Amino acid sequence: MSDLFPTYAKFPIEIVEGKGTIVKDSNGKEYLDFTSGIAVCNLGHCHETVLAAAQKQLGQIWHTSNLFESSIQEQVATKLTAGEERVVFFCNSGAEANEAALKLAKKHTGCDEIITFKQSFHGRTIATMTATGQSKIHDGFGALLPGFTYLPYNDLEALEKTISAQTAAVMLEVIQGEGGVLLATKEFLIGASNLCQKYGALLIIDEVQTGMGRTGTRFAFEQVGIKPDIFTLAKGLGNGLPVGAMIGKAELAATFGPGSHGSTFGGNKIAMVAADAVIDIIFDEAFLEDVTEKGAYFQQLLTEKLAANVVAIRGAGLMLGIELDMEAKDVVSALQELGLLTLTAGPNVLRIVPPLTVTKQELEQAANWIESVLIKQEVGMK
Ligand SMILES: *Cc1c(COP(=O)(O)O)cnc(C)c1O
């Protein structure tokens, strides 16, 4: 029996080594990792530049509290805000980044009402789990945080009817990752941004999964041209070293004065040097164009091979979902047998989030395996 809380239903595979897109399990079997550890290792496993930066820092100093100056925090914040009037709070995870965003919105506006969307996912702390619009995540935990309303995603009319001067924030994902790789429409995002401005509510965009180049731009909201009041990052930011960030407009800075919020480990130097190296690689036009191009190529390959046999293929950049008319977890297992690691998103969606450094050859190999499982009916024909 395991000595762990069984919070995760685990695959019977232990990954012990990785380089780029390729990982090896404890039996020596190799896989193409199209999970990137749930969209975390966006530069592939053990990326050399990130590794060298972390190793160098490990030999210098690991931890100083946030009571002391940190030039590496300042440097990463400057790169993340990239010339815009924004300020950054560093933490260690996506939930913590969203928790900080919710606290900031409540304190800044003096309001308690927060609007989020059905099928969303924002984390597992009490506040971020309350923000998550999925009853399966709420069930059994008793009273949630008050003030939250869940609206249908992409329903601008519902938002217009609900938002008011009492709304502290509207919180959303540009692509709902855990919810099923569901894309917001441009009209919805622009409309939500306009409504927030009209009522003085803060627009919080959760870029924990979609950020850091995953969809072909630094942050997914950039493709729509909106400017959220707050956005959050985590998964891809440290390429596997734990780090999160909450980025807000500069006018919010005074609301989070000394004593208002904090984190012991947030912005620690090991995570910061990793994030610094990750940003230098990903926030590069040619790198991001390559992500867009490979994503379009992969989506086209999958569409050619599968379109007639699946419900839908959708996504942006290298964040793709294939909606099936069967349980996606059976497909995940069959692909593991062949040597391809993938994820689910909800019961029927196969989620594919390879490292952004994936090669075209690896994309072709993966597309062939997915075709062989889905079309040649190795799965689902009981
Ligand atoms: C993963 C995820 C989170 C939670 O991040 P943790 O690091 O697990 O706390 C929040 N929001 C979105 C959109 C995510 O994908």
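Keep in mind it's a predicted model, so treat the numbers as computed, not measured.
Heavy-atom minimum distance, M212 versus G236: CG-C, 3.9 Å. Residues S36 and R214 come closest through the heavy atom pair OG-NH2, 3.7 Å. In this structure, H108 and T255 approach most closely via the heavy-atom pair ND1-OG1, 2.6 Å. Shown here for Y153 and L183, the closest heavy-atom pair between the two residues is CE2-C, 3.9 Å. Nearest heavy atom pair, residue A277 against residue A53, reads CB-CB, 4.4 Å. For the residue pair F148 and A127, the shortest heavy atom distance occurs at CZ-O, 4.1 Å.
A donor-acceptor pair is defined here as one N or O able to donate and one able to accept, closer than 3.5 Å; no such pair exists between the side chain of T232 and the backbone of A97. At least one donor-acceptor pair closer than 3.5 Å links the side chain of T130 to the backbone N or O of L145. Between the side chain of D112 and the backbone N or O of A168 there is no donor-acceptor pair closer than 3.5 Å. K235 places no side-chain N or O within donor-acceptor distance of the main-chain N or O of G94, the cut-off being under 3.5 Å. Looking at N154, its side chain does come within 3.5 Å of a backbone N or O of T185 through a donor-acceptor pair. In this structure a side-chain-to-backbone donor-acceptor pair under 3.5 Å is present from E173 to F121. N239 places a side-chain N or O within donor-acceptor distance of the main-chain N or O of G44, the cut-off being under 3.5 Å.
Distance check, rounded to the nearest 0.5 Å: CD of Q209 to CD of E178 gives 5.0 Å. In this structure, the separation between CD1 on I322 and CZ on R351 is 13.0 Å, given to the nearest 0.5 Å. Note that the CG atom of N348 and the CG atom of D325 stand 8.0 Å from one another [nearest 0.5 Å]. Once rounded to the nearest 0.5 Å, the distance linking NZ of K29 with CD1 of I15 reads 11.5 Å. Rounded to the nearest 0.5 Å, atoms CD (Q134) and CG (D139) are 10.5 Å apart. Atom CD in Q223 sits 7.5 Å away from atom CD1 in I175 (nearest 0.5 Å).
In the hydrophobic clustering of ILVMFWY residues, with side-chain heavy atoms under 4.5 Å counting as a link, L341 and L32 come out apart. In this structure, V332 is a member of the same hydrophobic cluster as L306, with clusters built from ILVMFWY side-chain heavy atoms closer than 4.5 Å. Hydrophobic clustering (ILVMFWY, side-chain heavy atoms < 4.5 Å, transitive): V243 and V40 are in distinct clusters. The cluster map of Ile, Leu, Val, Met, Phe, Trp and Tyr, joined by side-chain heavy atoms under 4.5 Å apart, puts V208 and M129 in different clusters. Neither I204 nor L182 shares a network with the other; the hydrophobic side chains, linked directly or stepwise wherever heavy atoms of I, L, V, M, F, W or Y lie under 4.5 Å apart, form separate groups for each.
A 6.0 Å sphere centred on CD of E304 holds more than 12 heavy atoms belonging to other residues, nucleotides or ligands. Q60 CD: more than 12 foreign heavy atoms inside a 6.0 Å radius. By the 6.0 Å contact criterion, NZ on K198 is open, its count of non-hydrogen atoms from other residues, nucleotides or ligands being 12 or less.
K360 has a carboxylate O that lies under 4.0 Å from a charged side-chain N of E293, or vice versa, which qualifies the two as a salt bridge. Electrostatic pairing of K19 and E48 counts as a salt bridge here, judged by a charged N lying under 4.0 Å from a carboxylate O.
Ring to ring, Y150 and H138 are close: their centroids are under 6.0 angstrom apart.
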Intermediate values then yes/no, side chain to side chain contact (heavy atoms under 4.5 Å, CB included), L335 and I370: CA-CA 7 Å; L335 288 170; I370 294 166; 4.1 Å; yes

Step-by-step salt bridge (charged side-chain N to carboxylate O under 4.0 Å, His left out) determination, K249 to E251: CA-CA 5 Å; K249 287 188 172 164; E251 67 230 41; 5.4 Å; no

Show the numbers, then the answer: is there a side chain to side chain contact (heavy atoms under 4.5 Å, CB included) between N66 and Q73? CA-CA 10 Å; N66 282 312; Q73 274 189 24; 2.9 Å; yes

Would you check, one step at a time, whether the test side chain to side chain contact (heavy atoms under 4.5 Å, CB included) holds for V174 with L189? CA-CA 8 Å; V174 174; L189 293 170; 4.0 Å; yes

List the steps and the verdict of side chain to side chain contact (heavy atoms under 4.5 Å, CB included) for S120 and M171. CA-CA 9 Å; S120 60; M171 184 174 198; over 6 Å; no

side-chain hydrogen bond (donor to acceptor under 3.5 Å, both in side chains) evaluation trace for N368 with K305: CA-CA 8 Å; N368 287 338; K305 289 174 184 294; 2.8 Å; yes

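By the 4.5 Å heavy-atom criterion applied to side chains, V310 and L302 are not counted as neighbours. At least one side-chain heavy atom of N92 sits under 4.5 Å from a side-chain heavy atom of S263. Under the 4.5 Å side-chain criterion, counting only non-hydrogen atoms from C-beta, T81 is in contact with V88. Counting heavy atoms from C-beta on, the side chains of F298 and V358 never come closer than 4.5 Å. Residues W369 and F34 are not in side-chain contact: their nearest non-hydrogen atoms beyond the backbone lie 4.5 Å or more apart. Under the 4.5 Å side-chain criterion, counting only non-hydrogen atoms from C-beta, I38 is in contact with L343. By the 4.5 Å heavy-atom criterion applied to side chains, I205 and L172 are counted as neighbours. Residues L80 and I279 are in side-chain contact: their nearest non-hydrogen atoms beyond the backbone lie under 4.5 Å apart.
Remark: the H122 side chain and the D206 side chain contain an N/O donor-acceptor pair separated by less than 3.5 Å. In summary, the side chains of S333 and Q336 do not present any donor paired with an acceptor at a separation below 3.5 Å, with no hydrogens or angles considered. For Y297 and E364, the side-chain atoms include at least one donor-acceptor pair closer than 3.5 Å. Inspection of the Q365 and Q361 side chains reveals no N or O donor paired with an N or O acceptor under 3.5 Å.
When hydrophobic side chains of Ile, Leu, Val, Met, Phe, Trp and Tyr are connected at separations under 4.5 Å, W62 ends up clustered with L58, L241, I270.
Annotation: cation-pi geometry not satisfied between K79 and F283 (NZ/CZ under 6.0 angstrom from ring centroid, within 45° of ring axis).
In this structure, H261 and F256 have parallel ring planes: the angle between them is below the 30° cut-off, well short of the 60° mark.
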